[in-house]
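What you are looking at is a predicted structure, and each value in this text was computed from that prediction instead of being measured. One-based numbering along the sequence shown.
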Amino acid sequence: MGDDRDQPGRHLRPLACVVLVPGESLDEQDLRAHLAGTVASWWIPERIIVVDEIPKTATGKFSKVSLRALVQGREAAR
């Protein structure tokens, strides 16, 4: 998902929303290192946010609109 909160109308900065397996933790540096070997450098997320679930549409696709609202709600609560 892209994050354009600081740069309206400009290129989106990669942002990752991650759902953890129960009992697991997340090391952001390990995740970035893993991604560095699998995706282009400009797709490595600047921010990683842990969420309980990824919202989906009625057809089962990821709901970018709902996910963006979830992230913005968390940011506003900070």
Side-chain angles (χ1 to χ4, degrees):
M1 183 172 109
D3 174 14
D4 64 353
R5 68 190 160 102
D6 295 329
Q7 303 171 5
R10 308 201 81 196
H11 294 288
L12 299 179
R13 300 174 315 180
L15 173 136
C17 291
V18 178
V19 177
L20 297 180
V21 173
E24 295 293 326
S25 62
L26 173 68
D27 183 306
E28 290 186 19
Q29 294 297 54
D30 287 347
L31 178 56
R32 285 189 182 95
H34 170 74
L35 291 172
T38 55
V39 299
S41 61
W42 58 85
W43 279 114
I44 296 175
E46 292 181 17
R47 295 182 27 217
I48 299 172
I49 299 172
V50 176
V51 296
D52 295 329
E53 65 180 344
I54 303 292
K56 295 183 179 171
T57 65
T59 60
K61 296 180 180 181
F62 296 134
S63 174
K64 294 177 188 175
V65 172
S66 296
L67 193 54
R68 188 167 281 118
L70 175 70
V71 169
Q72 289 172 346
R74 285 187 174 205
E75 293 295 314
R78 281 180 158 194

Please list, chain by chain and in numerical order, all residues satisfying salt bridge (Lys or Arg N to Asp or Glu O under 4.0 Å) with E46, sequence neighbours excluded.
->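 Per chain and number, E46 pairs via salt bridge (Lys or Arg N to Asp or Glu O under 4.0 Å) with R13.
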Under the salt bridge (Lys or Arg N to Asp or Glu O under 4.0 Å) rule, collect the residues that match up with R74, sequence neighbours excluded.
->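 With sequence neighbours excluded, R74 shows a salt bridge (Lys or Arg N to Asp or Glu O under 4.0 Å) to no residue whatsoever.
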So do V18 and L31 actually touch side chain to side chain, heavy atoms under 4.5 Å?
->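 Answer yes - side chains close enough.
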Point-to-point distance, once rounded to the nearest 0.5 Å, from [atom1] of [X] to [atom2] of [Y]:
X: R32; Y: D27; atom1: CZ; atom2: CG; answer: 9.5 Å
X: I48; Y: Q29; atom1: CD1; atom2: CD; answer: 8.0 Å
X: C17; Y: R68; atom1: SG; atom2: CZ; answer: 9.5 Å

Linked, directly or transitively: L67 and V65 (ILVMFWY side chains, under 4.5 Å) |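 No, because L67 and V65 fall into different hydrophobic clusters, even though each may have its own neighbours under 4.5 Å.
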Closest contact, heavy atoms only, L35 versus P45 =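 Scanning both residues, the minimum pair turns out to be CD1-CD, 3.5 Å.
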Could you pull out the closest heavy-atom pair between K56 and G60, with the gap in Å?
->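 So the two residues come closest at CD-O, 3.6 Å.
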Test V19 against every option in V50, D52, I54 by the side chain to side chain contact (heavy atoms under 4.5 Å, CB included) rule and name the one that passes.
->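 Among V50, D52, I54, the one that satisfies the side chain to side chain contact (heavy atoms under 4.5 Å, CB included) with V19 is I54.
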